[in-house]
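These notes are about the structure you will find just below.
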Amino acid sequence: MKLFLDTADIEEIRTVAAWGVLDGVTTNPTLYSKVGGASYDAILQEICKIVPGPVSAEVVADDVEGMLKEGRHFAKLADNIVVKVPMSETGLEAMSRFRAEGIKTNCTLIFTANQGLLAAKAGASLLSPFVGRLDDINEEGMTVIRELSEIIRFFEYDSEVLSASIRHPRHVTESALAGAHIATLPFKVFQQMVRHPLTDKGIVQFKKDWEDARAALAARKGD
Ligand code: E4P
C-alpha cells in the first residue's frame with residue numbers, strides 16, 4: 001500500500017521522506033492556508049523536488065475552462081504534479097479533458113462509490129473518498145473505500161483508490177484491509193503509526209540491561 005502525506009508543510013514532508021516511507025503528497029487550499037509564507041506554486045515546486053511520487057495540486061475554479069487553465073499551469077510546474085479536481089459535473093468534464101491532454105488528475109471530495117465510478121470513467125488516475133468527513137456525520141466512511149476498491153478491481157479500471165480525510169491510525173489499517181491502493185495521512189497520524197507504549201518501554205529496558213551488563217563486566221575485570 002502506498003502512503004502519502006496530506007500537508008503543504010515542507011518540514012513535515014522532509015521528515016517523513018527521510019524515513020523512506022513516503023510515496024506522494026496531497027495538498028489542498030486549506031492545507032496551503034495553514035503554511036502560507038510563499039506562493040502555492042513555490043511550495044508545490046519545493047515539494048516536487050523532495051518527493052518523486054505524485055504531488056496533488058488542487059484547482060479552485062468552478063467552471064471547466066477555469067479548471068483547465070489552473071490545471072495546465074500546475075502541470076507545467078513539475079513532471080509529478082497531479083491536478084486535483086472536485087467531483088461535480090464540471091469537474092468530470094475537466095478530468096476527461098485533462099485525460100485527453102495526458103495530464104493526471106485526482107478526483108477529490110468523493111463521498112459515494114458512484115461518484116468514484118464516474119471519476120474513474122472520466123479518467124481520473126486517483127479517486128479520493130473522504131473517510132473522516134463521512135464518519136463525522138455518522139456515516140461509515142470505510143464502506144465507500146471497500147465498495148469503490150472492489151468496483152475498480154472488478155472492472156479493471158486504471159484508477160487507484162486513495163483513502164483521504166484520515167483521522168487516526170486505525171483508518172490506515174482499515175483502508176489497507178478494505179483494498180485502498182493509497183492512504184493520505186496528516187503528519188500526526190504518521191507519527192502515531194510509529195509509536196507504541198510497549199516499543200518505548202522495550203527500548204528503555206534494552207538500554208538499561210545493556211548498560212547493567214557492561215557495568216557488571218567492567219566490575220568483574222576490575223576485581
Ligand atoms: C486529501 O486529499 C484531502 O484534501 C484531505 O485528506 C481532507 O482531509 P480533512 O477532511 O481532514 O480536511
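Ligands are counted one by one from 1 in listed order, and the atoms in each one are counted from 1 as well.
Among protein residues, Asp6, Thr26, Asn28, Lys84, Phe130, Arg133, Ala164, Ser165, Arg167, Thr184 come within 4.0 Å of ligand 1, judged on heavy atoms.
Aromatic ring pairs are classed by plane angle as parallel below 30°, tilted from 30° to 60° and perpendicular above 60°; the pair Tyr32 and Tyr40 is tilted.
For Trp210, the CH2 atom is loosely surrounded, since the number of other residues' heavy atoms within 6.0 Å does not exceed 12.
Residues passing the salt bridge (charged side-chain N to carboxylate O under 4.0 Å, His left out) test with Glu156: none are found, sequence neighbours excluded. By the ring-ring contact (aromatic ring centres under 6.0 Å, His included) test, His73 pairs with no residue at all, sequence neighbours left out.
Judged purely by distance below 3.5 Å, without hydrogens or angles, the side chains of Asn106 and Ser56 pair a donor atom with an acceptor atom.
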Between side-chain atoms of residues 211-222 and protein atoms elsewhere (two or more places apart, or another chain), which donor-acceptor pairs fall under 3.5 Å?
{"residue": "Asp212", "atom": "OD2", "partner": "Lys208", "partner atom": "NZ", "Å": "2.8"}

